Undergrad: 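Pasting a structure here, questions to come.
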Amino acid sequence: YIRSVSSLEKRSVFLIMSSLSVLPPECLLQPFPVPQRLMLGPGPSNVPARIAAAGAQPMLGHLHTETIEIMNQIKSGIQYAFQTRNRVTLAVSGPGHAAMECAIFNSLEPGESILIAVNGIWGERAAEIAERIGAKVNTVVTSAGGYFTNEEIEQALDKYRPVVFFFTHGESSTGVVHPIDGIGDLCHKYKCLFLVDSVAALGGTPIFMDEQGIDIMYTGSQKVLNAPPGTAPISFSERACQKIFNRRTKPISYFLDLNWLANYWGCDDKPVRVYHHTGPVSSFYGLRESLAILAETGLENSWKRHKEVAEYFHKGLEEMGLKLFVQDKKARLPTVTTIVAPPGYDWREITGYIMKTYNIEISGGLGPSAGMVLRVGLMGCNSSKANVDKVLEALAEALKHCHKSRV
């Protein structure tokens, strides 16, 4: 009779016959069961089936005609999401950090001055990146949960006279959405570029790149857009391009050099796109689909839904006796809510209980808010009153079952 051979027997035979010193790892000889979770932390968010299916479409070459058409449609979608007509609009192959470095590396030369508004971790990260390329870094700092007045910003611009002003629109570490109106005019008055990080806010709260005088802006694919992490939309105004394309020195990064990226994305009007790097084609499919969903939904409808759901959540938290970290209601980021860590509880035990019991991810603080807050993200498809009800139920149960000290 014919006896089937077990995988263990096959492995034993392989061990006897193989001359390899490093053998196939056992963990890769069986599938990995990825759990289904409700991702309500500050990102990444859940990927809808439609976007996941788009990413599973057949592979194309990164310079095939069809891929270029997809890239052109992505550019149009980013222009809509950003509310800009900027010619140099594209998606960096990488997460939001890559877009941050692309913006800073291209707009600054060694020895030039940058002013960074620090109201959370992303301003801190921008300062470190700028320091690494030899820029003169000055900061204006406010407390976690706070924001700057335009008068404070103007005073700092007048004092430091930077060539670039970095500003975080949606500070996910503290839950603040920063007012933008008038800042672009101030930057232009003092002859500097206005650089905005809108990773955690884009699509969830109003922003108008052209109308608000923003020169460089970027976001990430994994927040409100609900695409997998790994592509980062970014756009440059003509003012920014004039400075960037007339640099005295080359940008420190070849991979993030805007001269190359602009050509790869067809933003420089040259007849041929020259090979620069192999773009993440499958990720482009997902990003295109996420921008299509945003276009179908409508920006204004998306902004309205995120605002209404956030306010519904905030009301529920207050009814539970929990406090919101950002006191000014107008400054509360609709996409990421920060909750004052309940006194007497270990925030890790709360997030761990909710993950284990409800399969829901929420997180603790980050950077200046570490140990101080719980963070809940309600972004894109995850921004719904049904998800709010689930989180409120999970929080209520966690507070009943988690240990509370008497201190």
Side-chain angles (χ1 to χ4, degrees), residues 1-64 66-68 70-71 74 91-102 125 199 220-223 225-232 253-256 260-261 264 275-290 348-349 351-364 366 377 380-382:
Y1 69 99
I2 299 175
R3 183 173 69 87
S4 63
V5 181
S6 70
S7 60
L8 182 61
E9 289 173 316
K10 289 180 181 178
R11 183 172 176 81
S12 299
V13 172
F14 179 83
L15 289 172
I16 294 169
M17 299 178 62
S18 176
S19 61
L20 300 177
S21 60
V22 179
L23 302 176
E26 287 283 357
C27 61
L28 297 182
L29 300 179
Q30 52 191 341
F32 184 86
V34 179
Q36 287 279 352
R37 287 193 178 128
L38 183 55
M39 303 293 289
L40 300 185
S45 52
N46 289 102
V47 177
R50 175 176 163 183
I51 295 174
Q57 292 182 106
M59 181 56 60
L60 292 171
H62 60 286
L63 288 173
H64 286 185
E66 298 84 355
T67 304
I68 289 172
I70 289 169
M71 292 167 73
I74 288 171
V92 176
S93 301
H97 270 84
M100 179 187 282
E101 294 201 340
C102 179
R125 294 273 176 96
V199 171
S221 57
Q222 76 277 17
K223 306 280 188 174
L225 292 177
N226 295 142
T231 53
S253 171
Y254 180 90
F255 181 65
L256 298 174
W260 283 101
L261 294 178
Y264 179 51
Y275 170 74
H276 172 244
H277 73 282
T278 303
V281 177
S282 296
S283 294
F284 289 164
Y285 300 160
L287 180 59
R288 183 220 171 266
E289 201 66 22
S290 70
R348 296 177 188 84
E349 189 179 0
T351 59
Y353 178 89
I354 290 173
M355 175 75 83
K356 181 179 179 181
T357 308
Y358 290 88
N359 226 14
I360 296 174
E361 182 201 40
I362 67 171
S363 78
L366 182 67
C381 66
N382 286 349

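When reading the values below, keep in mind they use all heavy atoms of this one structure, side chains included, and skip hydrogens, waters and symmetry mates. Predicted model only: the values in this text are computed from it and were never measured. Count residues from 1 along the sequence.
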Undergrad: Give the minimum heavy-atom separation between Val92 and Ala98, together with the two atoms involved.
TA: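 In terms of heavy atoms, the two residues are closest at CG1-CB, 3.8 Å.
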
Undergrad: Spell out, as yes or no, whether a donor-acceptor pair under 3.5 Å connects the side chain of Thr357 to the backbone of Ile354.
TA: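 Pair absent, no side-chain N/O of Thr357 close to backbone of Ile354.
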
Undergrad: Between Ser93 and Leu261, is there a side-chain heavy-atom distance shorter than 4.5 Å?
TA: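 They are not in side-chain contact.
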
Undergrad: Using 30° and 60° as the class limits, which term best fits the ring planes of Tyr264 and His62: parallel, tilted or perpendicular?
TA: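 Because their plane-to-plane angle lies in the 30° to 60° range, the rings of Tyr264 and His62 count as tilted.
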
Undergrad: Heavy atoms only: give me the nearest Pro95-Ala232 pair and the separation to one decimal.
TA: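 Taking Pro95 first and Ala232 second, the nearest heavy atoms are O-CB, 3.5 Å.
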
Undergrad: Under a 4.5 Å cut-off applied to non-hydrogen side-chain atoms, are Tyr285 and Leu60 in contact?
TA: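 The answer is yes; the side chains approach within 4.5 Å.
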
Undergrad: Is the shortest heavy-atom distance from the side chain of Tyr353 to the side chain of Tyr358 under 4.5 Å?
TA: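 In short, these two side chains touch, coming nearer than 4.5 Å.
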
Undergrad: Identify, with sequence neighbours excluded, every residue that meets side-chain contact (heavy atoms from CB on, under 4.5 Å) alongside Ser21.
TA: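 Per chain and number, Ser21 pairs via side-chain contact (heavy atoms from CB on, under 4.5 Å) with no residue.
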
Undergrad: Ignoring hydrogens and geometry beyond distance, is a side-chain donor-acceptor pair present between Ser45 and Asn226 at under 3.5 Å?
TA: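 Per modelled atom types, Ser45 and Asn226 side chains form a pair under 3.5 Å.
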
Undergrad: Has Thr351 got a side-chain atom pairing as donor or acceptor with Ser363's backbone, closer than 3.5 angstrom?
TA: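 No, Thr351 side chain to Ser363 backbone: no donor-acceptor pair under 3.5 Å.
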
Undergrad: Could you give the distance from CD (Gln57) to CD1 (Ile70), rounded to the nearest 0.5 Å?
TA: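 These two atoms lie 7.0 Å from each other.
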
Undergrad: Do the side chain of Asn46 and the main chain of Arg37 share a donor and acceptor less than 3.5 angstrom apart?
TA: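 Yes, the answer is positive, given that a donor and an acceptor are paired below the 3.5 Å cut-off.
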
Undergrad: Would you name the heavy atoms of Leu225 and Leu287 that are closest together and state the gap between them?
TA: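 For Leu225 and Leu287, the tightest heavy-atom pair comes out as CD1-CD1, 4.1 Å.
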
Undergrad: Where the side chain of Ser221 meets the backbone of Thr231, is there a donor-acceptor pair that is under 3.5 Å apart?
TA: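 Yes, because the side chain of Ser221 sits within donor-acceptor range (under 3.5 Å) of the backbone of Thr231.
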
Undergrad: Calculate, to the nearest 0.5 Å, the distance between atoms CZ and CD1 belonging to Arg288 and Ile51 respectively.
TA: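 Arg288 CZ to Ile51 CD1: 11.0 Å, rounded to 0.5 Å.
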
Undergrad: How long is the span from the CZ atom in Phe284 to the OG1 atom in Thr67, to the nearest 0.5 Å?
TA: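 Rounded to the nearest 0.5 Å, the CZ-OG1 separation comes to 8.5 Å.
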
Undergrad: Looking at CG of Leu63 and NE2 of His276, how far apart are the two atoms once the value is rounded to the nearest 0.5 Å?
TA: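 Nearest 0.5 Å value for the CG-NE2 distance: 12.0 Å.
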
Undergrad: If only atom types and distance count, is the side chain of Glu289 paired as donor or acceptor with the main-chain N or O of Gly286 below 3.5 Å?
TA: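 Checked: no pair found.
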
Undergrad: Measure from the side-chain N and O atoms of Lys223 to the backbone N and O of Pro42, and report whether any donor-acceptor pair falls under 3.5 Å.
TA: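 The answer is yes, because a donor-acceptor pair under 3.5 Å joins these two groups.
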
Undergrad: Nearest 0.5 Å please: distance from the CE atom of Met39 over to the CG atom of Asn359.
TA: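 Atom-to-atom, Met39:CE and Asn359:CG are 10.0 Å apart.
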
